[in-house]
Peer 1: 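Handing you this structure, nothing more for now.
The sequence lines fix the lettering, A, B, ..., with proteins before strands; numbering per chain opens at 1.
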2 protein chains.
Amino acid sequence: MKQESGSHRYQEQRRQAIRSAAAVFAEKGFHGSSTRDIAEHLGIKQGSLYYYFKSKEEALGEVCLFGIEDYVHRMQEIAASDQAFEAKLTATVTSHLSCYRERNEALKVYNDERLYLPAGRRIKLKQLGSQYRQQLEGIFEQGMESGVLRPSVDCHFAAQAVIGLCNAWGDIIVRDPDINMFDIIQKCTDLLLNGFAERRKVRRT
Amino acid sequence: MKQESGSHRYQEQRRQAIRSAAAVFAEKGFHGSSTRDIAEHLGIKQGSLYYYFKSKEEALGEVCLFGIEDYVHRMQEIAASDQAFEAKLTATVTSHLSCYRERNEALKVYNDERLYLPAGRRIKLKQLGSQYRQQLEGIFEQGMESGVLRPSVDCHFAAQAVIGLCNAWGDIIVRDPDINMFDIIQKCTDLLLNGFAERRKVRRT
DNA sequence: TGCATGTTCTATAGATCTATAGAATTCCGC
DNA sequence: GCGGAATTCTATAGATCTATAGAACATGCA
């Protein structure tokens, strides 16, 4: 019945199925979507979906993986490049927000629905997630070593803050296509580097 | 069958039901939770839940409202107080994160599940949400006028950034009870005011 | 064309889930 | 303790939903 090795055509069709699942999961959430919804989006009947996925959970797993894959890949390229700290930070924010702007519903699904995966299926995702965070931490360490950042910066906190900030704006960007993304990118990096306070005064909180 | 005016006892029991719904929705999501789950958490049988809610959607609506209510209320007090800008900012971050630390599952539900409410039920929530954001914007305007903030700050962006940052850390705090919340509060406000960059250098991105 | 394999369809079992109706029980003022 | 109101229970209708089995159709190679 089902192709084991995976012909070229099969892989191509399966990718489309993953995209459909991503679109539906992003809109209605994992539990709010039915396999019928996904199949309809793809233009086939409900039962036929099981030619591509062993279960609904497998579909979710594939969507999450698809969503985070090239996102992590881009970060790897940025971290490995020989740019200065500030360029890397800007590139990170740009990459992160671009993923949302490109209607990457899969990334939204990764963020919002991955917790519904059984523990076994989450291992790979956790790996990729912490790889991303660690590389971002590495960028901040580079920034401290080069003297651009204050020595007191907590790199773990900083990395989480960047991710949180970008995810928050990513959500807003997805819902409002009229937003000027470059404006947001510029303001985010400016916030991360300089904060909102007037620079003349020295402040300690 | 059902109490119309709402005796004291009824209102009290209903609050408990809302709390149970909040706990279950927060863990499994709206569509992932069944009315049986909620009833079990509350210690009654599935059908009995409809003594307190006309539908599952009504329960979600009440949870969301409950989650955002005192959160907005606290912001109102902060905004109306006569503190200086920096104190208000710290108070805002503290209030926001405290809501999460107090296991306010309802706030998480408001953030993650409110989109599944029908449009009619969302009106009040939207009002409260934008009230919160506007008051936060007002605080930033105060900070600009008093000269603490740079004149170039975009108050709308700033307010969204604070909310996004606090939500991101709120999520982390909820999952990891060992985190030192005061450390996070201090680092968040420091980031918002000063950024991560060494202050001696003047940076423009 | 004919055969084998790949892809989709129909139909359905079996397990949910929401919401309702009415019976049973508990609570509380008298 | 009695009687009415408040609260909870049981049972179920009716509408999902996931996953499977096997038939039907399509495709491509000999």
Side-chain angles (χ1 to χ4, degrees), chain A residues 1-25 27-64 109 113 116-118 120-121, chain B residues 1-25 27-64 109 113 116-118 120-121:
Chain A
M1 289 238 175
K2 177 142 118 204
Q3 183 92 5
E4 280 303 327
S5 60
S7 67
H8 192 257
R9 178 179 151 84
Y10 176 78
Q11 289 301 341
E12 192 54 42
Q13 300 277 90
R14 192 164 191 268
R15 280 183 88 81
Q16 287 303 323
I18 293 173
R19 270 181 222 277
S20 286
V24 176
F25 287 157
E27 193 196 334
K28 305 186 172 188
F30 175 65
H31 289 112
S33 312
S34 70
T35 51
R36 161 165 279 107
D37 293 331
I38 300 169
E40 257 168 29
H41 188 279
L42 187 56
I44 61 176
K45 300 290 176 179
Q46 184 262 339
S48 309
L49 204 64
Y50 287 78
Y51 183 63
Y52 296 108
F53 304 114
K54 217 159 49 193
S55 68
K56 196 181 158 192
E57 266 175 2
E58 179 177 303
L60 177 59
E62 294 297 298
V63 169
C64 288
V109 174
E113 314 290 333
Y116 300 132
L117 283 171
R121 272 191 210 284
Chain B
M1 291 228 172
K2 178 144 114 200
Q3 183 93 3
E4 280 303 325
S5 59
S7 67
H8 192 256
R9 178 179 150 84
Y10 176 78
Q11 290 300 340
E12 191 54 42
Q13 301 277 88
R14 191 163 192 266
R15 281 182 87 82
Q16 287 301 325
I18 292 173
R19 270 179 223 279
S20 286
V24 175
F25 286 157
E27 191 195 334
K28 303 187 173 188
F30 174 65
H31 289 113
S33 312
S34 71
T35 51
R36 161 166 278 107
D37 294 329
I38 299 169
E40 257 168 28
H41 188 279
L42 186 56
I44 61 176
K45 300 289 176 179
Q46 184 263 339
S48 309
L49 203 64
Y50 286 79
Y51 182 64
Y52 295 108
F53 304 114
K54 218 161 49 196
S55 68
K56 194 181 160 192
E57 266 174 2
E58 179 177 303
L60 177 60
E62 294 297 298
V63 169
C64 288
V109 174
E113 314 290 334
Y116 299 132
L117 284 170
R121 270 191 212 283

Peer 1: Can you list the residues that meet the side-chain contact (heavy atoms from CB on, under 4.5 Å) rule with E57(A), with sequence neighbours excluded?
Peer 2: F30(A), S55(A), P118(A), R121(A)
Peer 1: How close or far is atom P of dC28(C) from atom NE2 of H8(B), stated in whole angstroms?
Peer 2: 13 Å
Peer 1: For R14(B) and dT7(D), give me the distance from atom CZ to atom C1', rounded to whole Å.
Peer 2: 15 Å
Peer 1: Hey, is the side chain of R9(A) poking within less than 4.0 Å of OP1 or OP2 on dT7(C), counting only N and O atoms?
Peer 2: yes
Peer 1: Hey, are E113(B) and K56(B) close enough for a salt bridge, meaning a charged N less than 4.0 Å from a carboxylate O?
Peer 2: no
Peer 1: Applying side-chain contact (heavy atoms from CB on, under 4.5 Å), name anything that partners R36(B), two or more places apart in sequence or on another chain.
Peer 2: S34(B), E40(B), Q46(B)
Peer 1: Report the nucleotide, chosen from dC9(D), dT10(C), dT7(D), that has the shortest atom-to-atom distance to any side-chain atom of I44(B).
Peer 2: dC9(D)
Peer 1: Measuring from I38(B):CD1 to K28(B):NZ, what's the distance to the nearest 0.5 Å?
Peer 2: 10.0 Å
Peer 1: I'd like to check the side-chain contact (heavy atoms from CB on, under 4.5 Å) partners of R9(A); sequence neighbours left out, ordered by chain and number.
Peer 2: S7(A), Q13(A)
Peer 1: Roughly what angle, to 10°, lies between the helix axis at the start of the helix from dT1(C)-dA30(D) to dC30(C)-dG1(D) and the one at its end, five pairs per end?
Peer 2: 20°
Peer 1: For each nucleotide in nucleotides 13-20 of chain C, reading 5' to 3', give B when a protein heavy atom comes within less than 4.0 Å of its base, S when such contact involves only the sugar-phosphate, and - otherwise.
Peer 2: ----SBBB
Peer 1: What's the CZ-P distance between F53(B) and dT8(D), to the nearest Å?
Peer 2: 12 Å
Peer 1: If I take atom CD in residue E40(B) and atom P in nucleotide dC9(D), what distance separates them, rounded to the nearest angstrom?
Peer 2: 11 Å
Peer 1: Using a cut-off of less than 4.0 Å, is there contact between a side-chain N or O of Y51(B) and OP1 or OP2 of dT8(D)?
Peer 2: no
Peer 1: Taking the six-membered ring for Trp and the single ring otherwise, decide whether the centroids of Y116(A) and F25(A) are under 6.0 Å apart.
Peer 2: no
Peer 1: In this structure, how many angstroms lie between the P atom of dT8(D) and the OH atom of Y10(B), rounded?
Peer 2: 10 Å
Peer 1: Using the ring of each side chain (for Trp, its six-membered ring), is Y10(B) parallel, tilted or perpendicular to Y52(B), with breaks at 30° and 60°?
Peer 2: parallel
Peer 1: Taking salt bridge (Lys or Arg N to Asp or Glu O under 4.0 Å) as the definition, give me every residue that meets it alongside K45(B), ordered by chain and number, with sequence neighbours left out.
Peer 2: none
